[in-house]
Amino acid sequence: MKRSEDIIRILLADEHRLVRSAISSLIETFDNMSVVAEVESEDQLMKAAAHDNVNVALIDAAVISSNGLGSLSQLRSACPGIRVVVLSTYSSDSFIRRLFVEGAYGFLHKNAGVNALEMAIQKAARGERFVFTAMEPEEFVDAASVVGAAAIQENPLTTRQSEVLTLVASGFRSKAIADQLNVSIKTVETHRADIMRRLGVRHTAGLVHEAIRLGLFMTPQDTDETR
């Protein structure tokens, strides 16, 4: 029996209903994993990610390719706590590197087996960055060894701190952040102080800079370039 407090909540995005159904059925056989939402388009992906308390998003590259993969950055900015695993048959180094630059946590080739799918979800939920290309020998490798460390922006913040930082960078004051996250103003201020300590900044401008560096906030110019 799956324990609700330990369950990895998964958002599944694929254009084809039959594929979604097959992958979802497989995932439901895994320990402590559950598909909480299935979508077929980029718009549906963004809405489900924002409302279904998702831990891991398993996304077919075709769903996000129409926007030049820029939707990964948008998803990361809107929902920084979600770990994205991209599935594709296309596995060039440049393509995989772009995925990680845009915010993916993992790449899983669609020729991977069932065990690899389960391991990929587990790794993403733990915050690991990985690549599985299904080339011989079939194995998971650290993403930095494939795409370079510079392509991977490590976030030292917790999920809640990332949410607070994103809202601060977006111009929200402490009361508005507290209202949006349904916490007290004192809690927001505590998070803010912890964030500044972890990132080594002393003022709001520094927080905005760090939010951009970590991919938690996109400037208007960056947003235009992803279109």
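These figures come from a predicted structure and were not determined experimentally.
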Taking all atoms of both residues into account, what is the closest heavy-atom pair of Ile121 and Met33, and its distance?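 What the structure gives for the nearest pair is CG2-SD, 3.6 Å.
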Which pair of heavy atoms, one from Ala125 and one from Ile8, lies closest together, and at what distance?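 Closest pair (atom of Ala125, atom of Ile8, distance): CB-CD1, 3.7 Å.
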Please tell me whether Ser21 and Ser24 have a donor and an acceptor in their side chains that are separated by less than 3.5 angstrom.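 No - no donor-acceptor pair under 3.5 Å links their side chains.
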What distance separates [X] [atom1] from [Y] [atom2], expressed to the nearest 0.5 Å?
| X | Y | atom1 | atom2 | answer |
| --- | --- | --- | --- | --- |
| Ser162 | Ile82 | OG | CD1 | 12.0 Å |
| Glu42 | Glu15 | CD | CD | 10.5 Å |
| Leu58 | Arg20 | CG | CZ | 12.5 Å |
| Ile7 | Asn55 | CD1 | CG | 10.0 Å |
| Arg83 | Ile10 | CZ | CD1 | 13.5 Å |
| Leu167 | Leu181 | CG | CG | 5.5 Å |

Listing, residues 200-209 side-chain donor-acceptor contacts under 3.5 Å, not counting sequence neighbours, or none:
from: His203; atom 1: ND1; to: Gly206; atom 2: N; distance (Å): 3.0
from: Thr204; atom 1: OG1; to: Arg192; atom 2: NH2; distance (Å): 2.6

Please say yes or no: joined through hydrophobic side-chain contacts below 4.5 Å, possibly via intermediate residues, are [X] and [Y] part of one cluster?
| X | Y | result |
| --- | --- | --- |
| Met196 | Ile185 | no |
| Tyr90 | Phe107 | yes |
| Val56 | Val114 | yes |

Taking only residues two or more places apart in sequence or in another chain, which ones pass side-chain hydrogen bond (donor to acceptor under 3.5 Å, both in side chains) with Asp14?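 With sequence neighbours excluded, Asp14 shows a side-chain hydrogen bond (donor to acceptor under 3.5 Å, both in side chains) to His16, given in chain and number order.
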Give me the ring orientation class for Phe140 and Phe132: parallel if the planes are under 30° apart, tilted from 30 to 60°, perpendicular past 60°. tilted
So does [X] have more than 12 non-hydrogen atoms from other groups sitting under 6.0 Å from [atom1]?
| X | atom1 | value |
| --- | --- | --- |
| Lys110 | NZ | yes |
| Arg17 | CZ | no |
| Asp93 | CG | no |

Show your working on side-chain contact (heavy atoms from CB on, under 4.5 Å) between Ile59 and Leu45 and close with a plain yes or no. CA-CA 9 Å; Ile59 305 174; Leu45 170 64; 3.8 Å; yes
Heavy-atom check, side chain of Met46 versus side chain of Ser71, under 4.5 Å: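 In contact.
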Are any of the side-chain heavy atoms of Val39 and Leu12 separated by less than 4.5 Å? no
Does the distance from a Lys or Arg side-chain N to an Asp or Glu carboxylate O, for Glu163 and Arg160, drop under 4.0 Å? yes
Taking NZ, NE, NH1 and NH2 as the nitrogens, is one of them in Lys175 or Asp179 under 4.0 Å from a carboxylate oxygen of the other?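 Between Asp179 and Lys175 there is a salt bridge, with a charged N closer than 4.0 Å to a carboxylate O.
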Verdict with reasoning, Thr187 to Thr190, per side chain to side chain donor-acceptor pair (under 3.5 Å): CA-CA 5 Å; Thr187 297; Thr190 298; 6.0 Å; no
Considering only residues two or more places apart or on different chains, which pairs with a residue in residues 111-124 satisfy side-chain hydrogen bond (donor to acceptor under 3.5 Å, both in side chains)?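 Pairs touching residues 111-124 that pass the test: Lys123-Glu128.
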